[in-house]
Amino acid sequence: MDAKRSSISKNLLTWYDAHRRVLPWRALPGEVPDPYRVWLSEVMLQQTTVAAVRPRFAAWVARWPDFASLAAADDADVMAAWAGLGYYARARNLVKAAKAVVADHDGAFPRTEAQLRTLPGLGAYTAAAVAAIAFGERAVVVDANVERVVARLFAIDTPLPAARPAIRVAADTITPDARAGDFAQAMMDLGSGLCTVRAPKCLLCPLREDCAAFAEGQPERLPRKAAKRVRPQKYGTIFWLRRGDTVRLVRRPPKGLLGGMRALPTGPWATEPPALTDAPAAADWRILPVTIRHGFTHFDLELTLAVGVGEAQEDGEWWPIADLSAAGLPTLFAKAAEAVIESTAAEAVIGRDV
DNA sequence: GATGCGTGGTT
DNA sequence: TAACCAAGCAT
């Protein structure tokens, strides 16, 4: 087993030196990693693809290039800048963590996995990844890529998530003492480029000779996963309350779904197609002949669009419709706004007032 | 350990 | 195209 261990890390690091991806947040060989950029990229990449993160990372570091600037940032600006990336608790925790770094750590990012783990938004994976990549600490870095690679290397047949403890132990055995950050990033490059979920490119893989799943002939069979539950269907109403050339926006509650985000007013999510519950004004609501479908992780939503003109009854702000893209709306509401604007524009052409 | 939490890319 | 999935975390 020791021979297999050293063979894996040696072959992987050799492969990494030749094939490593060049990414905006990744230090080139010989460069010193910027802990802020490493941390920010790791958080952005949680459950999010490299392709989606690339442009958002560039815009973010241009605006908030370090802990101090982010700690001093306006909450509304930060949430708007995160709009469209999803899992908005990540953005709320970024600010909390930046403030903690400034207030409790004298402006310097903690350098050990254990200290990093205490910051909001840094869980087992991210704390280990930052400790290894930014500070060179030997840490066992296990994300979905590593789970897949390790489950195949050792032919771990237990379905996820029950296999996680065994995968972690196995990952620990192959993690080298030196170049821990490169090793972690190499595992992720391997997982995303070669050891993919479907049709892994085993003939290009530097770990082929040590891979039990390859030897068994069906590496794509692993890791096994527990059966998914069907996502329930829910219904809701989005209210487009217009005043002149502005529309009413509200701020969602700080926790929960789309927490802390600017939004269009909505009714409750219900199991049946809803009525005009929780309308933000006593307007003469008209239902548009379109519905918005939006899938969340845990349920599907079908939304009715109600448009009206009137004065608002609750807290919020009147936002220029022409400048709605600057409001930082979550994708769900951006889709709804686009549908309303398209629909009413079409009606204007045929001479109907909205 | 299970559940809540988004969205865009890929197949 | 519908389904699957992603550099997970908090509770």
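All chains are named by letter (A, B, ...) in the order of the sequence lines, taking the proteins before the strands, and each is independently numbered beginning at 1.
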*Does a nitrogen or oxygen in the side chain of A/Q47 sit under 4.0 Å from OP1 or OP2 of C/dA6?*
no
*Between A/R252 and A/L257, is there a donor-acceptor pair closer than 3.5 Å when you use the side chain of the first and the backbone of the second?*
yes
*Atom pair distance, as rounded to whole Å: CZ in A/R293 and P in B/dT7*: 17 Å
_Please give the distance between the P atoms of C/dA7 and B/dT11 as a whole number of Å._
13 Å
*Does A/G121 or A/R21 map to a spot on DNA chain C nearer the 5' end, using the closest nucleotide for each?*
A/R21
*OP1, OP2 of B/dT7 versus side-chain N and O of A/Y88: anything below 4.0 Å?*
yes
_A/K225 side-chain proximity, nearest of B/dT7, B/dC5, C/dC5_ = C/dC5
*Is the shortest side-chain N to carboxylate O distance from A/D75 to A/R251 below 4.0 Å?*
no
*asked:* Any salt bridge linking A/D143 with A/R148? Criterion: basic side-chain nitrogen under 4.0 Å from a carboxylate oxygen.
replied: no
*So, A/D300 and A/R293, do they make that salt bridge, N to O below 4.0 Å?*
no
*asked:* Closest approach to the side chain of A/T297, judged atom by atom: which nucleotide of B/dC5, B/dA2, C/dC9 is it?
replied: B/dC5
*asked:* Less than 4.0 angstrom between a side-chain N/O of A/H298 and OP1 or OP2 of B/dC5, yes or no?
replied: yes
*Once you round it to whole Å, what is the distance between P of C/dG8 and CD of A/Q46?*
7 Å
_Heavy-atom check, side chain of A/D315 versus side chain of A/V250, under 4.5 Å_ = no
_Short side-chain N/O contact from A/S192 to OP1 or OP2 of C/dA6, under 4.0 Å_ = no
*What's the CZ-P distance between A/R231 and B/dT3, to the nearest Å?*
16 Å
*Side chains of A/T112 and A/E137: does their closest heavy-atom pair fall under 4.5 Å?*
yes
*Relative to the ring of A/F109, is the ring of A/F67 parallel (under 30°), tilted (30 to 60°) or perpendicular (over 60°)?*
tilted
_For A/W319, does the six-membered ring have the charged nitrogen or CZ of A/R248 within the cation-pi criterion, i.e. under 6.0 angstrom from the centroid and within 45° of the normal?_
no
*For A/E147 and C/dA7, what is the distance between atoms CD and C1' respectively, to the nearest whole Å?*
11 Å
*Determine: side-chain N/O of A/R90 to OP1/OP2 of B/dC5, distance under 4.0 Å, yes or no.*
no
*Identify, between A/P120 and A/V197, the residue whose nearest nucleotide on DNA chain C lies closer to the 5' end.*
A/V197
*A/H294 has a side chain; which of C/dA10, C/dA7, B/dT7 sits nearest to it?*
B/dT7
*Return no unless some side-chain N or O of A/R229 is found under 4.0 Å from OP1 or OP2 of B/dT3.*
yes
*Can you tell me how far C1' of C/dA10 sits from CZ of A/R92, to the nearest Å?*
10 Å
*A/G295 near the nucleic acid: base, sugar-phosphate alone, or nothing, with a heavy-atom cut-off under 4.0 Å?*
base
*In whole Å, what is the span from the OH atom of A/Y87 to the C1' atom of B/dT3?*
11 Å
*Return yes if the base of B/dG6 and the side-chain atoms of A/T48 contain a donor-acceptor N/O pair under 3.5 Å, otherwise no.*
yes
*Considering only B/dG8, C/dA7, B/dG4, which nucleotide approaches the side chain of A/T49 most closely?*
B/dG8
*Between atom CG in A/L257 and atom P in B/dG4, what is the gap in whole Å?*
11 Å
*asked:* Does a side-chain N or O of A/K255 approach OP1 or OP2 of C/dT11 to a distance below 4.0 Å, or not?
replied: no
*Select base, sugar-phosphate, or nothing to describe what A/A124 touches, counting heavy atoms under 4.0 Å on all strands.*
sugar-phosphate
*asked:* By the 4.0 Å heavy-atom rule, please label A/A144 as base, sugar-phosphate, or nothing.
replied: sugar-phosphate
*asked:* Using a 4.0 Å heavy-atom cut-off, does A/T126 contact any base of the nucleic acid, only the sugar-phosphate backbone, or nothing at all?
replied: sugar-phosphate
*Of the nucleotides B/dG6, C/dA7, B/dT7, which has the atom closest to the A/L23 side chain?*
C/dA7
*Between A/A139 and A/T175, what is the shortest heavy-atom contact and its length?*
O-CG2, 3.8 Å
*asked:* If I take atom CH2 in residue A/W269 and atom C1' in nucleotide B/dC5, what distance separates them, rounded to the nearest angstrom?
replied: 14 Å
_Interface with DNA chain C, restricted to residues 78-85 of chain A and to heavy atoms under 4.0 Å_ = none
*Give a yes or no answer on whether the side chain of A/T344 reaches the backbone of A/I341 with a donor-acceptor pair at less than 3.5 Å.*
yes
*How is A/W39 classified with respect to the nucleic acid when contacts are heavy atoms under 4.0 Å: base, sugar-phosphate, or nothing?*
nothing
*asked:* Using heavy-atom distances to pick each residue's nearest nucleotide on DNA chain B, tell me which of A/P165 and A/F296 is more 5'.
replied: A/P165
*Which one, C/dC9, B/dT11, B/dG9, comes nearest to the side chain of A/A51?*
B/dG9
_Taking C/dG8 as the reference, what is the distance to B/dG1 when you measure between their C1' atoms (whole Å, please)?_
16 Å
